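Notes to accompany the following structure.
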Amino acid sequence: MSDFVTRTAEMRELVMNAFVKAFPDEEFAVREVPVNDIVIAVPAGSLAPAVRILVDELGIWHLSTITADDTGDHIHMLYHFWHGSGVTLETQLPLTGSSIETLTGQIPGAAFYEREIFEMFGVVFEGNADLTPLLLPDDWTGPPPMLKSSNGQTESKA
Amino acid sequence: MTKIKVPIGPQHPLLKEPLAFQLTLEGERVVESVMRLGYVHRGMERLCQERTYVQNIYLLERVCGICSHVHATTYCRAVEALMGVEVPQRGVNLRALLCELERVHSHLLWLGVIARNIGFDTIFMYAWRDREMVLDIMEDLSGGRVSHAVNTLGGVRIDLTDEHRNAILAQLDILDVQIQLLLGVVEHEQTLHARTRGVGRLTLEQIHRYCVVGPVARASGLDIDLRRDAPEPPYDRLEFNVPIHTDGDVWARTLVRVQEAVESVSLCRQILHSLPEGQTTVKVPRRVPAGEAISRMEAPRGEVIYYVRSNGTDKPARVKVRTPTLTSLVTLPEQLQDVQMADVSVVLSGVDLCIACADR
Amino acid sequence: MVPFRLLIFPGFLFLFLCAMFFDWVDRRMIALIQQREGPPWYQPFADFIKLLTKEDVLTTGAHAFAATVLPIASLVSVLTAALYIPVAGVASASFDGDFVVVLFLLSIPALTYFLAGWISVGVYSIIGGHRSLLQYFSYEVPFLIALAGPAVLSGSWRIADIVAYQGATIWSALTQPLGFLLAVVGLIGKLKRDPLDIPKAKSEVVGGSLTEFSGRKLALWHLAMDMQTVVGIFLLVNLFLGESRFLEGLPAFPIFGLKALGILLLLSLVSALYARLRIDQLATLGSRWLAPLALLQVVVVLWMRG
């Protein structure tokens, strides 16, 4: 019997009910994303508490990865969880000088993901003592390589 | 007792790919380990933004040599979901066939590697001889032993005639017998037990904390398998077991992987017997509409997840890849604590390192 | 006569050819078990010649004089021991007490191997040398006791006499099977063969003591090890599978060859069938099994003696 059994529709209901109860003053935008994920927009400050709800209350502890995406206007952070179907928490951060609370206190497995995002995008994770380079060489002096501004790319629009 | 610093890697007979460890030993016991990744970092995610969607299939296949097909398939699934295209069932089945063959190949390769690292050359030779059989099947199917390039957006570019299918089935019968022999060795051979039991133990609680996936997690008792938990065709109509063990040591991981190989051979047979007729590929729109897609699949080492964002142009705006090896690597410092020097090779082999995957 | 015996048979040339031949048989046998072909007959010669032509490098800080002398010392001690070990009844020299001298000389390679690791500066060398010494302490005493069994039973410390005693009675392997088993296990440890190749485990310590050696020095090390295999097997053949009145009349040399190859094939089989042990597992094996069994064998021999 699998340890992960929630389907997309159930996931949406489950998570939204918990969030509405925990953050009664906030509105969360939800959308469904293929292949079978729901994406919930969360303000940057509420991200760590929201993760706490997922992990402690709902038992959704499996963090697949943390994605950072330079959309040209801001850095789009996505925290992908999975429990039979996917639930992703997304938040926006400013392009430079941004920081967000670390998840390594609750989920030690986030360590490598945060290190990579720090070196590639320059996002500081407050509370994470070990933000040493993961993939870049020790003598890397350039700007964070995945930021579109640092390699002359712009976010092209169709 | 004096402490010696022993470097393992980036070049070391134990490692197939460059990875650096700085171990501090007290006598024969490891007291500290520092790991350094990034020797094979090629900047794949950045390169994906400069190539078209079709070019990216070929690029992403080269993230890893052993699980190349699964990377390409996961990516294609994400892009096809963005385009709203449904791949015909025959194409889906052929993709799954290659995924399962790749799983067998990966586990046999790994069994050989760990056998060599514990000084058991005979099993290394046997496992890699059987692996040759799988590579021959894959070569007949796709033209490449390790890099297959069978995926296109909308399906696969290969097809099977009935004769070819029967030939593969005959090979699978032989392979089944050989893998059963290897399973027997893993289950009963005393020196293998002596070297791998009790080594590198991870509890279920540690698995939860580090979000480990794949055979390493299954060997510690976590019941997770994306093929069964999020059933996509053809897995929704195929029968297979997911081997779970609770010991959490390297021996349990060995058992899980070899048993998975047996299951995969059975899955290949089922797929071949029930291959639907029809097209293998479908025409896709010229432009990928703007949007996001998140695709996950069960690679030989666990869950591989792709996030693809399109902004309507011919090149993706973001392709994020998280490979399963990264989740195992995070547990290594804990596994290597207080371990004997001789067990370092067992522990490192036990997590099935695929550094190219981890570094991208 | 003496130069012939020293240099040709059963001296240096014969031993050299045997070393190459035994190496080939070993590799071929393991290959057969692993379902592959294995190298052609000239492979050991080719390996030796290739190593002789390679560049001889030594790490900075390694003791250059010791690095040159140690492989030579290893080879010389093995060859000197071979003087007293009869091949099909023919020995270069023989005297009362040569058994003890042979055992002493055959322990020198273990010491030189450890020292080689000690004087090379690399970390792997030091660990390999360290391990080789631990391994030596685990197998050496049971090995010596097991080998002493036939000597005690025959009442002589001269190898030729031990062989003759078996000719008058029966093979020691049959009267002291436990001793034979311990001697074979001890030989595996002495020769650092799988499953006891712990000091030079490639996936753990890269090359052990010899990691930093190359070129001619490494060629001599390998030759010393191959010769040690030959001499060790010959010693076991003489002590446990000596003359036999049931095989009288048959040509001595081929019979001797068959016995030696028999032991070699046994060693190859064991190498192919087991994984490598860990050093602490070997230490446990030595203290929990080998040493007590050796003592048991001593008691049995003394009882048999009357």
Side-chain angles (χ1 to χ4, degrees), chain A residues 1-8 31 33-37 39 55 59 61-72 76 78 80-86 88 90 104 106-113 115-116 119-120 132-138 140 145-146 148 151 153 155-158, chain B residues 36-41 43 45-46 49-50 77-78 80-82 84 206-213 221-226 228-230 232 242 287 289-296 303-305 307 309-315 317-318 320-322 326-327 329-331 334 358-360:
Chain A
M1 191 55 213
S2 172
D3 284 340
F4 302 87
V5 275
T6 327
R7 295 284 161 254
T8 316
R31 59 182 203 281
V33 158
V35 173
N36 58 356
D37 256 72
V39 181
V55 174
W61 52 265
H62 182 76
L63 175 71
S64 292
T65 191
I66 309 176
T67 303
D69 185 9
D70 180 348
T71 59
H76 186 192
L78 295 120
H80 305 285
F81 289 85
W82 194 73
H83 202 274
S85 69
T88 300
E90 68 173 0
T104 49
Q106 304 175 50
I107 306 178
F112 278 14
Y113 310 140
R115 268 169 81 176
E116 196 184 329
E119 68 180 354
M120 295 290 175
T132 52
L134 186 69
L135 300 177
L136 291 179
D138 290 326
W140 177 265
M146 285 297 283
K148 297 226 164 76
N151 43 54
Q153 271 185 331
E155 174 80 12
S156 49
K157 309 281 182 215
Chain B
R36 191 74 178 87
L37 284 177
Y39 290 91
V40 207
H41 178 62
E45 296 179 2
R46 164 109 163 64
Q49 292 169 357
E50 295 167 6
R77 269 185 47 185
E80 285 153 7
L82 279 175
Q206 283 169 304
I207 300 285
H208 279 226
R209 279 193 300 140
Y210 289 108
C211 299
V212 184
V213 290
L222 185 68
D223 201 344
I224 177 177
D225 188 329
L226 285 171
R228 177 202 51 190
D229 300 335
E232 298 276 319
V242 177
R287 275 286 149 93
E292 304 158 292
I294 302 172
S295 161
R296 298 162 213 259
E303 172 204 32
V304 70
I305 173 172
Y307 168 80
R309 180 169 73 87
S310 161
N311 52 15
T313 57
D314 61 343
K315 301 192 170 71
R318 178 80 169 102
K320 161 79 182 175
V321 184
R322 195 281 272 138
L326 216 52
T327 64
L329 285 174
V330 136
T331 63
E334 268 196 38
D359 282 354
R360 285 154 287 140

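Residue numbers start from 1 in every chain, and the chains themselves are labelled A, B, ... in the order their sequence lines are given, proteins ahead of strands. Both backbone and side-chain heavy atoms feed into the values below; hydrogens, waters and symmetry mates do not. Keep in mind that this is a model prediction, so the values were computed, not measured.
Counting heavy-atom pairs closer than 4.5 Å to chain B, the top-ranked of the candidates A:P137, A:A110, A:A111, A:G109 is A:G109. Contact count versus chain B (heavy atoms, under 4.5 Å) is highest, among A:L136, A:T67, A:V33, A:I107, for A:T67. Chosen from B:C211, B:G84, B:A78, the residue pairing most often with chain A at heavy-atom distances under 4.5 Å is B:C211.
Summarising the geometry, atom CG belonging to A:L135 is positioned 6.0 Å from atom CZ belonging to B:R360; distances are rounded to the nearest 0.5 Å. Note that the OG1 atom of A:T71 and the CZ atom of B:R318 stand 11.5 Å from one another [nearest 0.5 Å]. The distance from atom OG1 of A:T132 to atom CZ of B:R36, rounded to the nearest 0.5 Å, is 7.0 Å. Here OG of A:S64 is found 5.5 Å from CZ of B:R322. Values are rounded to the nearest 0.5 Å.
Residues B:Q49 and A:M146 are in side-chain contact: their nearest non-hydrogen atoms beyond the backbone lie under 4.5 Å apart. Looking at heavy atoms from C-beta onward, A:E116 lies in side-chain contact with B:E45 at the 4.5 angstrom threshold. Looking at heavy atoms from C-beta onward, A:D69 lies in side-chain contact with B:Y307 at the 4.5 angstrom threshold. Between A:D37 and B:R296 there is a side-chain heavy-atom pair separated by less than 4.5 Å.
Of the two parts of B:V40, neither the backbone nor the side chain holds a non-hydrogen atom closer than 4.5 Å to a non-hydrogen atom of chain A. Looking at B:A290, there are no atoms closer than 4.5 Å to chain A (heavy atoms on both sides), in backbone or side chain. Contact of A:L78 with chain B is made through the side chain alone, with heavy-atom distances under 4.5 Å. Of the atoms belonging to B:L329, heavy atoms from both backbone and side chain fall under 4.5 Å from chain A. With a 4.5 Å cut-off on non-hydrogen atoms, B:E292 touches chain A through its backbone and its side chain both.
Counting all heavy atoms, side chain and backbone alike, A:W61 lies closest to B:I207 at CZ3-O, 4.2 Å.
The backbone N or O of A:Q106 lies less than 3.5 Å from no partner atom in the side chain of B:R209, so there is not a single donor-acceptor pair.
Of the candidates B:I294, B:I305, B:D229, B:D229 is the only one forming a side-chain contact (heavy atoms from CB on, under 4.5 Å) with A:W82.
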